[in-house]
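Everything below concerns the one structure shown next.
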Amino acid sequence: MNPSRENKTLTPPDLNPPKKMASPPPAKKPKRTKRSSSSSAATLDDLKTLGRELLSSRAHINNLPIILHSLSPSSPPDHSLEALITLQSFFTPLLPDIPSSSSPLSTSVDGGEKDPEKVYKAWLRSRFDEFVQALIDVVVSSETEDTLRDVVLDALMEFVKLGKGGKFQSAIYHKFLRRIVLATSSVDHLMDLLTSRYFNFFTYVSLNKIVKDFKSTNVTGLSSKKARKISSEISVNNNKAQESNNPQNDDVSAAHLDKKLRLKFTKAWISFLRLPLPVDVYKEVLSTLHQIVIPHISNPVMLCDFLTRSYDIGGVISVMALSSLFILMTQHGLEYPNFYEKLYALLNPSIFMAKHRGRFFQLLDSCLKSPLLPAYLAAAFAKKLSRLSLSVPPSGALVIVAVIHNLLRRHPSINFLVHRVIEEDTNGGVPKESNESGDNSLESSTRIDRASRRGIDYYNVEESDPVKSNAMRSSLWEIDTLRHHYCPAVSRFVASLENDLTIRAKTTEVAVKDFCSGSYATIFREETRRRIKQVPLAFYQVTPTSLFSETDFPGWTFKDQLSDKHGLEINGGEILEARNV
């Protein structure tokens, strides 16, 4: 009697036996509990027996739900593996005959009666969907062993390839990819396997759909990180090679395929960049955008809105957006009128402690390389950097000297900043400025009021506009102070500016990248490696008794004249002499 009741519950709709008289409810409950407990406690030998019966005859179709129940993350690995082998062997030959999930199911015939065969296939379709969902659960679960995950992933991707009449089943792949992105746990190992072995053209399409769904829901930082990681580790060249091996694409030219791939890649990334990304993901995207996106995107100028908004934010975000924006300006013809004003505003002491300062200073040196750069702009950057040299670490001072060295060599019109002579006017006694640039406005000092005198720096460091900073009326006196810098490496490097940099044949540009990664540790390490020929010594013929001598400050006595005769006592703020008796 028990087997008949089990068949009644697990039989597909078309195999239902004639209805029997209903038994009282108290009699049904213990039997259902007994059946469920027996199915959950099935041993490995029971699973093998059920699998052989299922594969041998259609009469044992009721074994299918029991085997499906054994394929789960909570089941033992050997049970899940045995269930996987049985279910894969069962569904693989039936896939061409099983209707698609998206197609409407019609189980009736012309007379209005249900067709048993159509009902059976519809029932198989629902069991196959449960099987696919179980495979995804096992693959994504953090409790699954790595060996079992690899085997289940292979089986899942086989059904992805064969799930639609022998063609690629994008619905299963989209469901699988969406589950990975929305998983609450870390699936880095799974994403590495996916991007290295199973990436397909439809990954772009699926990511585009998933990212668009994020707009209607609250995207989490973990989900956006996973979407960025999958998109970042995709290589267009590898994808092209994989797709070219497909027999269906033999008649498609390589150029057309590459164009199609780039279009899908562009849509996926544009949709992703429109999301409200968390700050950490936002920084990761900006730091790698010029390497993994711009070379493969169909039209890189499409990123100009995203990059200009990022560049206008300021701070570290602007520094990280500078690399990609510089590529668009120099290689793709992007025009950004306020580029140098924003770049000028980024120069502050905090930039010398930023993580990406090395890349920033290299780009800064490249942006100031054009010979068409106006003299006032080159002078403004040189003056701003020289002012920063007074408040940055020694490693930052080395970078500043290197950039200023290149600026003076590239733009001879600003060499008057190195040495500006102020002459006295014999007529009015008002100081007159003279410089080597030949600017009449700077040579005419008759319009300068009486407040103009030696020692005044007209440069306004608080001005954000380089045009209004008055850098052309100033000089690089800050660099001269670096001659006496406490760090020997800085004082030695400043001596390179003493050469006549206007003679380009006798001088060369300094590689800024050699100084970008400097720090206190690197400077100290280089100093300890240097061979010192002369060691400075402090030698005194007579041991000094005080810090200063009396000749240094006339009228002052630094020697304690009462120490040998008197003692000092403090009482109520007054110093009292206590003579020794």
Side-chain angles (χ1 to χ4, degrees), residues 1-20 23 25-95 97-98 116 119-159 162-163 172 176:
M1 184 173 63
N2 290 336
S4 64
R5 289 184 178 274
E6 291 181 359
N7 291 335
K8 179 180 179 181
T9 303
L10 301 176
T11 301
D14 61 320
L15 302 180
N16 282 336
K19 294 183 179 180
K20 297 182 180 181
S23 57
K28 289 184 179 179
K29 292 183 179 179
K31 292 183 179 180
R32 289 181 180 176
T33 305
K34 181 178 180 181
R35 183 174 65 251
S36 61
S37 61
S38 62
S39 63
S40 61
T43 61
L44 184 60
D45 294 335
D46 295 338
L47 287 176
K48 293 181 179 180
T49 303
L50 293 174
R52 286 193 296 266
E53 293 176 354
L54 177 64
L55 298 177
S56 62
S57 174
R58 184 173 175 177
H60 299 283
I61 192 63
N62 292 320
N63 296 346
L64 181 60
I66 300 177
I67 301 176
L68 275 173
H69 181 73
S70 300
L71 183 62
S72 64
S74 58
S75 300
D78 52 349
H79 288 206
S80 298
L81 183 60
E82 182 64 30
L84 172 63
I85 296 173
T86 302
L87 295 173
Q88 187 176 7
S89 303
F90 174 77
F91 280 111
T92 300
L94 296 178
L95 282 180
D97 300 330
I98 296 178
V119 173
Y120 174 71
K121 290 183 178 180
W123 183 81
L124 283 179
R125 178 75 242 184
S126 61
R127 301 289 79 77
F128 178 74
D129 293 340
E130 293 179 4
F131 173 52
V132 171
Q133 186 62 40
L135 291 177
I136 295 176
D137 293 340
V138 174
V139 170
V140 178
S141 176
S142 59
E143 301 177 358
T144 306
E145 297 180 357
D146 293 340
T147 306
L148 179 61
R149 180 181 288 108
D150 294 345
V151 176
V152 175
L153 182 59
D154 291 337
L156 179 62
M157 296 307 297
E158 283 296 324
F159 286 111
L162 305 175
I172 298 178
F176 173 51

Please test L135 against F159 for side-chain contact (heavy atoms from CB on, under 4.5 Å), starting from the C-alpha separation and ending with a verdict. CA-CA 10 Å; L135 291 177; F159 286 111; 4.2 Å; yes

Run the side-chain contact (heavy atoms from CB on, under 4.5 Å) test on T86 and L47 for me, step by step, so that the C-alpha distance in whole Å, both residues' side-chain angles and the decisive distance to 0.1 Å come before the verdict. CA-CA 9 Å; T86 302; L47 287 176; over 6 Å; no

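Atoms OG and CG, from S75 and L81 in turn, are 12.0 Å apart once rounded to the nearest 0.5 Å. Annotation: the span from R52 atom CZ to L54 atom CG amounts to 12.0 Å, rounded to 0.5 Å. Put simply, CG on L94 and CZ on R125 are 11.5 Å apart, with the number rounded to the nearest 0.5 Å. I66 contributes atom CD1, which lies 12.0 Å from atom NE2 of H60 (distance to the nearest 0.5 angstrom). Taking CG from L87 and CD from E130, the interatomic distance works out to 11.0 Å, rounded to the nearest 0.5 Å.
Of all the heavy atoms in F90 and P93, the pair that sits closest is O-CD, 3.6 Å. A pairwise comparison of heavy atoms in L156 and V132 identifies CD1-CG1, 4.2 Å as the closest pair. When all heavy atoms are compared, the tightest approach of S80 to S72 is OG-O, 3.3 Å. For P77 against E145, the heavy-atom pair with the smallest separation is CG-OE2, 3.7 Å. Minimum heavy-atom separation, E143 to P73: OE1-O, 3.9 Å. For the pair H79 and L44, the tightest heavy-atom approach, listed with the atom from each and the gap, is NE2-N, 3.6 Å.
A 4.5 Å side-chain heavy-atom check between V139 and F176 finds at least one atom pair inside the cut-off. Using a 4.5 Å cut-off on side-chain heavy atoms (C-beta onward), L50 and L64 make no contact. Using a 4.5 Å heavy-atom threshold, the side chains of L71 and D137 count as separate. Within the 4.5 Å cutoff, side-chain heavy atoms of L124 are placed close to those of I61. Contact annotation: the side chain of R58 approaches that of Y120 to within less than 4.5 Å [non-hydrogen atoms, C-beta and beyond]. Looking at heavy atoms from C-beta onward, L84 lies in side-chain contact with V152 at the 4.5 angstrom threshold.
Checked by atom type and distance alone, the side chain of T144 never pairs as donor or acceptor with a backbone atom of V140 at under 3.5 Å.
Residues D129 and Q133 have side chains that never bring a donor and an acceptor to within less than 3.5 angstrom of each other. A donor-acceptor contact closer than 3.5 angstrom is absent between the side chains of D46 and T49.
Using the six-membered ring where Trp is involved, F91 and F131 have ring planes that are parallel, under 30° apart on the 30 and 60° scheme.
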